[in-house]
Amino acid sequence: MTPYALVDANNFYVSCERVFAPKLRHRPVVVLSNNDGCCVARSEEAKALGIRMGQPYFEVRDLLRRHDGRALSSNYALYADMSRRLMTVIGQFSPEQEVYSIDESFLRFTGFDQWDLTEQGRRLRERVWQWTGLPVGVGIGATKTLAKFANRLAKRHPDFKEVGVCNLLDLSSARQHGYCADSPVDAVWGIGGRWAAKLKAQGIQTVADLQGADLATLQRRFNVVLARTAMELNGIPCLSLEEAPPPRQQIIASRSFGIPVTEIAMLREAVANHAARAAAKLRHEGLAAGIIQVLIATNPFIPEEPQYHPACCVPLPIPTADTARLIRAALAGLSALYKEGYRYKRAGIVLLDLAPVGARTGDLFDPTPAGMRAGDLFSPLPAVARTHDRSALAGSPAPTPTATGERRQRLLTLLDDINQRWGRGTLRFLAEGLVQPWRMRRERMTPGYTTNWRELPVVG
DNA sequence: TCTGGGGTCCTAGGACCC
DNA sequence: TCTGGGGTCCTAGGACCC
């Protein structure tokens with residue numbers, strides 16, 4: 001048996017803010033989603049006021065005010081930087097680490113038989129606190145699912161909350177069973193609200209019930225994922241540690257607007273902006289996209305208004321990571337979707353058919369597809385790649401992802417460097433608009449304490 | 001007035017192939 | 001009267017995660 005640990009920061013976004021603003025301690029604090037829409041992180045004090053995860057901000061604004069609370073726009077640059085620091089410290093405790101999300105990391109302890117893992121958990125927690133200022137919880141168990149469950153106990157069960165560490169492997173099976181019998185089935189990683197309701201209808205109410213359920217029945221009535229979860233709860237590992245992230249399948253860039261939008265001109269700016277953001281991410285990861293999907297949507301929270309949420313896919317002639325090409329394709333898609341007479345609330349794009357950019361550099365301004373250039377070692381680009389039929393593309397040899405001409409490549413790299421150094425959007429395509437009246441609200445932003453030279457905290 | 005964004009996996013069913 | 005069997009691929013929809 002190889003133990004797993006799950007380390008996870010408490011109320012991560014709020015905790016990041018508190019590191020640099022001690023006045024936020026001991027009072028209700030929430031961090032808002034994009035557009036200052038919903039509460040996506042809550043301090044313990046905010047939870048105690050009954051503020052729910054995902055609750056719209058306008059519903060809790062007065063409540064927060066009455067209790068001297070604070071609401072902050074999300075500062076993703078700060079959280080990403082704090083995350084990097086957090087993961088580095090966690091990674092010092094085992095050579096096998098999976099960074100699972102912005103604030104969570106699995107560790108595997110192969111060959112740690114002689115170690116006191118509970119003590120290691122305590123030391124880890126202390127070091128993270130000392131080096132980053134973030135509070136974390138540590139759960140340890142025989143599988144990832146059990147480590148997750150232990151982490152939940154570490155964070156909220158009175159028996160463990162004080163130390164913040166729960167090692168199921170240290171507990172007698174009677175005690176383990178006790179905790180499982182006391183916990184609702186949706187406390188388990190992978191069991192959401194829908195399945196919990198369906199499970200409860202079949203008499204499976206608690207974690208212990210799920211442990212004792214018949215696997216074949218679970219698989220028949222639900223699916224193989226749930227059956228695996230049940231096995232994991234019984235200490236049989238079905239999920240392995242993913243130390244390297246699997247290749248990405250899609251990149252999404254979408255946003256709600258700060259105001260309702262009716263004009264296609266504004267939609268064009270927003271779609272171009274999303275395409276540019278996605279393109280930058282694509283280049284950052286060394287990928288090229290074969291298909292770009294465009295979507296726009298009206299506001300579903302106003303059902304009295306006519307609703308419309310179309311989407312369409314635009315195949316790229318050659319897989320590309322070039323902002324200009326992606327914007328052009330996205331705008332073509334938008335023209336096909338747009339209808340007058342609707343109040344649009346969001347727009348977005350999805351990049352699909354992602355593949356690593358080949359080592360060769362092509363030429364953007366050369367109209368010949370990369371595969372067809374004279375002297376090319378690779379097979380010619382099949383004509384079907386130009387059709388709009390995705391299935392035709394799928395069966396044919398993949399066209400070699402092209403980079404672009406060398407000059408073009410340098411231009412894009414320069415663009416990325418400038419925006420990296422001076423902030424996103426410093427240099428942008430005119431199609432993205434100058435004034436951008438549709439931009440999301442972000443009215444309660446904290447400074448980039450660790451990510452912007454001009455916003456470093458000052459001590460003294 | 002005001003309601004987030006970005007991901008993954010699985011399954012069922014249809015189209016199509018030989 | 002009688003109407004196969006085995007397979008792949010794609011899509012839409014539903015579930016989950018943070």
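In the text below, chain A, chain B and the rest are named by the order of the sequence lines, each starting its count at 1. Note that this is a predicted model, so its numbers are computed, not measured.
Salt-bridge formation is not detected for the pair A:Arg70/A:Glu17: no Lys NZ or Arg NE/NH1/NH2 atom is positioned less than 4.0 Å from an Asp or Glu carboxylate oxygen. Taking 4.0 Å as the cut-off between side-chain N and carboxylate O, A:Glu98 and A:Lys144 count as a salt-bridged pair. For A:Asp8 and A:Lys148, the salt-bridge test fails: no basic side-chain N is under 4.0 Å from an acidic carboxylate O. A salt bridge is defined here as a Lys NZ or Arg NE, NH1 or NH2 lying under 4.0 Å from an Asp or Glu carboxylate O, and A:Asp416 with A:Arg283 meets this definition. By the 4.0 Å N-to-carboxylate-O rule, A:Glu104 lies too far from A:Lys155 to be salt-bridged with it. Remark: A:Arg248 engages A:Glu285 in a salt bridge, criterion side-chain N to carboxylate O under 4.0 Å.
Two residues are said to be in side-chain contact when any heavy atoms from C-beta on lie closer than 4.5 Å; A:Ile292 and A:Leu352 fail this criterion.
With sequence neighbours left out, A:Arg156 forms a side chain to side chain donor-acceptor pair (under 3.5 Å) with no residue at all. Evaluation of the side chain to side chain donor-acceptor pair (under 3.5 Å) rule for A:Asn35 yields no partner, not counting sequence neighbours. Residues forming a side chain to side chain donor-acceptor pair (under 3.5 Å) with A:Trp195 (at least two apart in sequence, or on another chain): none.
Between A:Tyr100 and A:Phe106, a ring centre-to-centre spacing shorter than 6.0 Å is recorded. With ring centers used as reference points, A:Tyr179 lies under 6.0 Å from A:Phe160.
Across all strands shown, A:Ile191 has heavy atoms under 4.0 Å from sugar-phosphate atoms exclusively, and none from any base.
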Next on the checklist: Using salt bridge (charged side-chain N to carboxylate O under 4.0 Å, His left out), reason through A:Asp81 and A:Arg85 one step at a time and then give a plain yes or no.
Outcome noted: CA-CA 7 Å; A:Asp81 186 60; A:Arg85 297 165 192 234; 3.0 Å; yes
Next on the checklist: Using salt bridge (charged side-chain N to carboxylate O under 4.0 Å, His left out), reason through A:Glu305 and A:Arg343 one step at a time and then give a plain yes or no.
Outcome noted: CA-CA 8 Å; A:Glu305 288 187 4; A:Arg343 285 155 64 83; 2.9 Å; yes
Acceptor/donor pairs from residues 252-269 of chain A side chains to any protein atom, 3.5 angstrom cut, sequence neighbours excluded:
unit_1	atom_1	unit_2	atom_2	d
A:Ser254	OG	A:Arg346	NH2	2.7
A:Ser256	OG	A:Arg346	NH1	3.2
A:Glu269	OE1	A:Trp438	NE1	2.9

Please output the side-chain donor-acceptor pairs of residues 48-61 of chain A that fall under 3.5 Å, not counting sequence neighbours, one pair per line with the distance.
unit_1	atom_1	unit_2	atom_2	d
A:Gln55	OE1	A:Arg52	N	2.9
A:Gln55	NE2	A:Glu59	OE1	3.2

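Within a heavy-atom distance below 4.0 Å of DNA chain B, the residues of residues 248-285 of chain A found are A:Arg248, A:Gln249, A:Gln250, A:Ile251, A:Ile252, A:Ala253, A:Ser254, A:Arg255, A:Ser256, A:Arg277, A:Lys281. Residues from residues 53-72 of chain A that place a heavy atom under 4.0 Å from any atom of DNA chain B, listed by number: A:Pro56, A:Phe58, A:Arg61. Residues of residues 329-349 of chain A that place a heavy atom closer than 4.0 Å to DNA chain B, in numerical order, are A:Lys345, A:Arg346. For the contact set between residues 220-240 of chain A and DNA chain B, defined by any heavy atom under 4.0 Å, the members are A:Asn223, A:Val224, A:Val225, A:Arg228. Using a 4.0 Å cut-off on heavy atoms, none of the residues of residues 198-212 of chain A approach DNA chain B.
Each of A:Gln219 and A:Asp36 was assigned the nucleotide of DNA chain B with the nearest heavy atom; the assignment lying further toward the 5' end belongs to A:Asp36.
Taking the 5' to 3' direction, DNA chain B first and last meets chain A under 4.0 angstrom from a heavy atom at B:dC2 to B:dT11.
Of all heavy-atom pairs spanning A:Val207 and A:Ala187, the tightest one is CG2-CB, 4.4 Å.
Rounded to 10°, the angle separating the first-five-pair axis and the last-five-pair axis of the helix from B:dG5-C:dC18 to B:dC18-C:dG5 equals 10°.
Using modelled atom types, one finds a donor on one side chain and an acceptor on the other under 3.5 Å when comparing A:Arg127 with A:Gln92.
Between the CZ atom in A:Arg25 and the OG atom in A:Ser43 there is a gap of 12.5 Å [rounded to 0.5 Å].
Using cut-offs of 30° and 60° on the angle between ring planes, the pair A:Tyr13 and A:Tyr76 is perpendicular.
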